[in-house]
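Below, chains carry the letters A, B, ... as their sequence lines are ordered, and counting in each starts from 1.
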Protein chains: 2
Amino acid sequence: MTTSRRPRADARRNYERLLAEADAAFRGGGVTASLEGIARRAGVAIGTLYGHFPNRRTLVGALLRDRNEQLFQLGDRLIAQQSPDALDTWVRAVTEHAATYGGLAVMLADGLDDEASELHASCLRMADVGEQLVAHARKAGALRLDATGADVTTLTTAAASLHEHLSPDAADRLITLTLAGLAPRHSSERHM
Amino acid sequence: MTTSRRPRADARRNYERLLAEADAAFRGGGVTASLEGIARRAGVAIGTLYGHFPNRRTLVGALLRDRNEQLFQLGDRLIAQQSPDALDTWVRAVTEHAATYGGLAVMLADGLDDEASELHASCLRMADVGEQLVAHARKAGALRLDATGADVTTLTTAAASLHEHLSPDAADRLITLTLAGLAPRHSSERHM
DNA sequence: CGATTAAGCTGAGGCTGCCTCGACAAATCT
DNA sequence: AGATTTGTCGAGGCAGCCTCAGCTTAATCG
């Protein structure tokens, strides 16, 4: 049996430093920020960065893991509570999430059919939450009959993209309008 | 007074070749396609490309000029005709337009406050068309009272972005939903 | 048809960024 | 301590951006 060794202390330290610097860099310059710059600021050679994260996606994925987990908890809560504006809350939360690093939404959208990364899994799970929220809302008569989970995915992706390139307000407005468009055709007493 | 010379024939030829190659490259690889590759395929040194087009934006702008003109003609026609689905037609046309080169929508959105380029002017004019269409539709009672031209701009930008990163269908769906959301709150006899 | 001259062309070179890989260092284990 | 494995280092190859000093060559003039 492979009685594996304890991981090296310096390795763990470098890993943490890289994550911290990457987070700062991605927040400031978007997901395309220079990896060499990140390594340099982490006080580590470029090869070390690649040792820990074979590619950019892996690095982004590692950074997103915790954040994603929180999002899923919110999703589960919303599904359980069945609040009328659950869908609204969800869409805005995901949009906000996807806007933390510039270019993140595009990166995710581009690589959806990619190799099995944790990013991929997370995307699927997010889609699933959207699907469930739509199903509930539709049963409650709050949505038009042809509304789908894909509509929610589309909307959040679009809003996240706008969040980066136009203003947060524009993204918010688009969400409001599209959700209004998802309402049943012959009006009901939805808010606003 | 400066009796200026006739422009050199080779210069004009190179200009045309560069445009042709750039169009092909941008269609295939998006607006970030390699400029050196374009120059090479045009049978011209990289310096020549930069001689004609000091930066990427200029090159894209030159390619878009004709296309934009056509779009504006459509816009004028739509405004004149006052057809009920003018807004719908317009949004879809602009979206289609912005999707010819991958990344175009982002490029335009990023550089709206940039130096005075013809791109900038075109964007303003497009916004203006949207504004007018909204005004007409609202007077006709086809739109909710708080609808603005900015909403149209937002929508087209978002749809164009989706067109690239997800599917054309997704973009189309978003347009449909958002336009539905722009309808008056207490239903009328809109199509679909 | 030269000669003149300005417009235009060229491509090496400096820079940044991506990523790999063989040589090296050091932490762990015995 | 010595052996072993794990991790680090950074030069180097590649591609793309952009500039600029020197060179061509097309247009013009006599």
Side-chain angles (χ1 to χ4, degrees), chain A residues 1-22 24-26 28-62 101-103 106-107 110-111 114-115 117, chain B residues 1-22 24-26 28-62 101-103 106-107 110-111 114-115 117:
Chain A
M1 291 290 292
T2 50
T3 44
S4 58
R5 295 186 163 208
R6 178 142 51 92
R8 282 171 56 157
D10 57 342
R12 181 165 223 83
R13 204 182 51 228
N14 287 336
Y15 180 87
E16 301 296 354
R17 280 187 188 168
L18 282 167
L19 275 188
E21 288 301 333
F26 289 161
V31 287
T32 65
S34 159
L35 297 184
E36 302 210 297
I38 291 171
R40 196 178 340 111
R41 282 189 297 275
V44 138
I46 181 64
T48 299
L49 185 152
Y50 279 97
H52 286 287
F53 309 101
N55 55 56
R56 189 173 231 101
R57 300 181 68 80
T58 319
L59 180 49
V60 173
Y101 305 143
V106 164
M107 184 176 182
D110 274 355
D114 243 21
E115 353 80 83
S117 62
Chain B
M1 288 299 292
T2 52
T3 46
S4 58
R5 292 187 165 210
R6 177 142 52 93
R8 283 171 56 155
D10 57 343
R12 181 165 221 84
R13 204 182 52 229
N14 287 336
Y15 180 87
E16 301 296 352
R17 281 187 187 168
L18 282 168
L19 274 188
E21 289 302 332
F26 289 161
V31 288
T32 64
S34 158
L35 298 185
E36 302 210 296
I38 291 171
R40 196 178 340 111
R41 283 190 297 276
V44 137
I46 181 61
T48 299
L49 185 152
Y50 279 96
H52 286 287
F53 309 100
N55 55 56
R56 190 173 231 103
R57 300 181 68 80
T58 319
L59 180 49
V60 173
Y101 306 144
V106 164
M107 184 177 182
D110 273 356
D114 244 20
E115 352 80 83
S117 61

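- The separation between A:Leu49 atom CG and D:dG10 atom C1' is 14 Å, rounded to whole Å.
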Pairs of donor and acceptor atoms involving the side chains of residues 9-22 of chain A, under 3.5 Å and at least two apart or interchain, shall be tabulated with distances.
from    : atom 1 : to      : atom 2 : distance (Å)
A:Asp10 : OD1    : A:Arg8  : NE     : 3.2
A:Asp10 : OD2    : A:Arg8  : NH2    : 2.9
A:Asn14 : ND2    : A:Asp10 : O      : 3.3

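- Remark on the helix from C:dC1-D:dG30 to C:dT30-D:dA1: inter-end axis angle 10°, axes from five-pair C1' superpositions, rounded to 10°.
- One can place CD1 of A:Ile38 at 11 Å from P of C:dG17, the figure rounded to the nearest angstrom.
- Under 4.0 angstrom from either OP1 or OP2 of D:dC9 there lies at least one side-chain N or O belonging to A:Thr48.
- The distance between atom CG of A:Leu35 and atom C1' of C:dC19, rounded to the nearest whole Å, is 10 Å.
- The distance between atom CZ of A:Arg57 and atom C1' of C:dC19, rounded to the nearest whole Å, is 17 Å.
- Scanning for side chain to side chain donor-acceptor pair (under 3.5 Å) contacts around B:Arg41 gives an empty result, with sequence neighbours left out.
- For DNA chain C, the neighbouring residues in residues 12-22 of chain B, judged by any heavy atom under 4.0 Å, are B:Asn14.
- The residue among A:Glu36 and A:Val44 whose nearest nucleotide of DNA chain D is located toward the 5' end is A:Val44.
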Which pairs, protein N/O on one side and nucleotides 20-24 of chain C N/O on the other, fall under 3.5 Å?
none

Report summary line: In 5'-to-3' order, the base (B), backbone-only (S) or no-contact (-) status of each nucleotide in nucleotides 21-30 of chain D, using a 4.0 angstrom heavy-atom cut-off, is ----BBBS--

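- The shortest distance between the side-chain N/O atoms of B:Ser34 and the OP1/OP2 oxygens of D:dA15 is not below 4.0 Å.
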Could you go through residues 31-40 of chain B and list every donor-acceptor pair under 3.5 Å that involves a side-chain atom there, pairing it with any protein atom two or more places apart or in another chain?
from    : atom 1 : to      : atom 2 : distance (Å)
B:Ser34 : OG     : B:Glu36 : N      : 3.2
B:Ser34 : OG     : B:Gly37 : N      : 2.9

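- When the P atom of D:dG16 is taken as reference, atom CZ of B:Arg56 falls 10 Å away, rounded to whole Å.
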